[in-house]
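Working notes for the structure below.
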Protein chains: 2
Amino acid sequence: MEDRIVCEKNCNHDENLVCLAKSAMLPDSDVQRLAEMFKILGDPTRIKILHSLTGRELCVCDLAETLGMGQSAISHQLRMLKSYRLVKYRKEGKEVIYSLDDAHILGLLCMGLDHINHQ
Amino acid sequence: MEDRIVCEKNCNHDENLVCLAKSAMLPDSDVQRLAEMFKILGDPTRIKILHSLTGRELCVCDLAETLGMGQSAISHQLRMLKSYRLVKYRKEGKEVIYSLDDAHILGLLCMGLDHINHQ
DNA sequence: CTAACGTATGAATATATATTCATTCGTTTG
DNA sequence: CAAACGAATGAATATATATTCATACGTTAG
């Protein structure tokens with residue numbers, strides 16, 4: 001805490017970089033939403049679910065089977081993905097069939113793949 | 001666990017969706033790296049750091065001052081960003097000055113911003 | 001109506017993560 | 001050389017998160 005005050009006084013850059021940086025800061029609400037969105041994508045299980053649902057719709061138990069995980073774990077993650085509008089669902093008898101809801105996210109996934117491959 | 005086996009036998013879709021989905025699965029290493037990358041972006045502090053460093057280079061204490069956080073917290077996050085090659089640094093006297101190292105990440109950030117704004 | 005099935009959910013647990021505190025390291029300056 | 005400063009780091013703490021377990025819910029089939 002003290003450091004910052006000391007530093008602000010002592011760092012004598014040509015321009016007041018801190019001042020510039022502060023004024024260019026993203027609104028906190030944007031930062032928060034950005035971070036939340038990336039956090040959703042930052043989990044292997046959710047990545048697998050989203051990827052499995054590209055060009056396909058699958059029920060919960062098929063997703064569980066595909067990923068080799070328990071039904072409950074998948075269901076919990078689907079709830080999360082649902083709440084962020086990344087997947088949608090329709091009911092068919094006892095089954096609940098999920099599919100992708102957001103095309104943008106696919107773009108982000110692809111861009112991410114590009115990134116990890118080209119480097 | 002049992003569920004999956006039961007389900008595989010009982011779900012009689014036209015095609016074997018699970019089989020298709022399984023064969024289309026991303027290699028686990030890719031999934032892992034993708035998730036790691038997004039996880040890095042999934043934190044407000046790191047988003048702020050990366051955004052503050054766009055078009056600017058800043059020393060640790062300036063970042064701390066800009067974000068209104070302690071020097072140690074910033075330093076820990078910078079270590080993380082460094083290890084994923086998202087920021088680079090140069091030393092100048094006692095200061096360590098950080099800047100962005102990866103242009104792709106900016107693309108992802110922008111795409112993320114687009115997404116949260118257009119919806 | 002009852003049993004069986006697919007799904008959802010709450011509680012519990014294990015694990016990961018961010019921040020703070022205290023300290024150390026390296027450089028500079030008096 | 002000693003003091004001061006910026007930065008890095010390890011330990012500790014608080015918090016978030018993913019998965020499992022047990023159970024409840026809704027639908028369908030017998």
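Numbers restart at 1 for each chain; the letters A, B, ... are given by sequence-line order, proteins then strands.
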Given K48(B) and D28(A), is the salt bridge (charged side-chain N to carboxylate O under 4.0 Å, His left out) satisfied, shown in steps? CA-CA 9 Å; K48(B) 286 180 195 164; D28(A) 214 67; 3.3 Å; yes
Write down the distance between CD (Q71(A)) and P (dT23(D)), rounded to a whole number of angstrom. 15 Å
dT27(C) C1' sits how many Å from R90(B) CZ, rounded? 16 Å
Can you tell me if the side-chain N/O atoms of Y98(B) get under 4.0 Å from OP1 or OP2 in dG6(D)? no
Is there a side-chain contact between Y89(A) and the phosphate of dG6(C), meaning an N or O under 4.0 Å from OP1 or OP2? no
Table of protein N/O atoms under 3.5 Å from nucleotides 16-19 of chain D N/O atoms:
unit_1, atom_1, unit_2, atom_2, d
dT17(D), OP1, K39(A), NZ, 3.2
dA18(D), OP1, R46(A), NH1, 2.5
dA18(D), OP1, R46(A), NH2, 2.7
dA18(D), OP2, R46(A), NH1, 3.4
dT19(D), OP1, T45(A), OG1, 2.8
dT19(D), OP2, Q77(A), NE2, 3.1

The side chain of R79(A) is closest to which nucleotide in this list: dT9(D), dG6(C), dT9(C)? dT9(C)
Between L86(B) and the options L50(B), L106(B), I49(B), the side-chain contact (heavy atoms from CB on, under 4.5 Å) test singles out L50(B)
Using a 4.0 Å heavy-atom cut-off to protein, can you give one letter per nucleotide of nucleotides 24-30 of chain D, 5' to 3': B if the base is in contact, S if only the sugar-phosphate is, - if neither? --BBS--
All heavy atoms of A35(A) vs all of P44(B), minimum pair found to be CB-N, 3.6 Å
E36(B) meets the side chain to side chain donor-acceptor pair (under 3.5 Å) criterion, sequence neighbours left out, with Y84(B)
With sequence neighbours excluded, residues passing salt bridge (charged side-chain N to carboxylate O under 4.0 Å, His left out) with D30(B): R33(B)
Please tabulate, for side-chain N and O atoms in residues 75-82 of chain B, each donor-acceptor pair with protein atoms closer than 3.5 Å (sequence neighbours left out).
unit_1, atom_1, unit_2, atom_2, d
Q77(B), OE1, R46(B), NH1, 2.8
K82(B), NZ, Y98(B), OH, 3.4

Expressed in angstrom and rounded to an integer, what is the separation of D62(B) atom CG from dG6(D) atom P? 10 Å
Distance, rounded to the nearest Å, where L78(A) contributes CG and dG6(C) contributes P: 16 Å
Considering all heavy atoms of both residues, which atom of L20(B) and which atom of S23(B) are nearest to each other, and what is their separation? O-OG, 2.9 Å
Among all residues two or more places apart in sequence or in another chain, which pass the salt bridge (charged side-chain N to carboxylate O under 4.0 Å, His left out) test with E57(B)? R90(B)
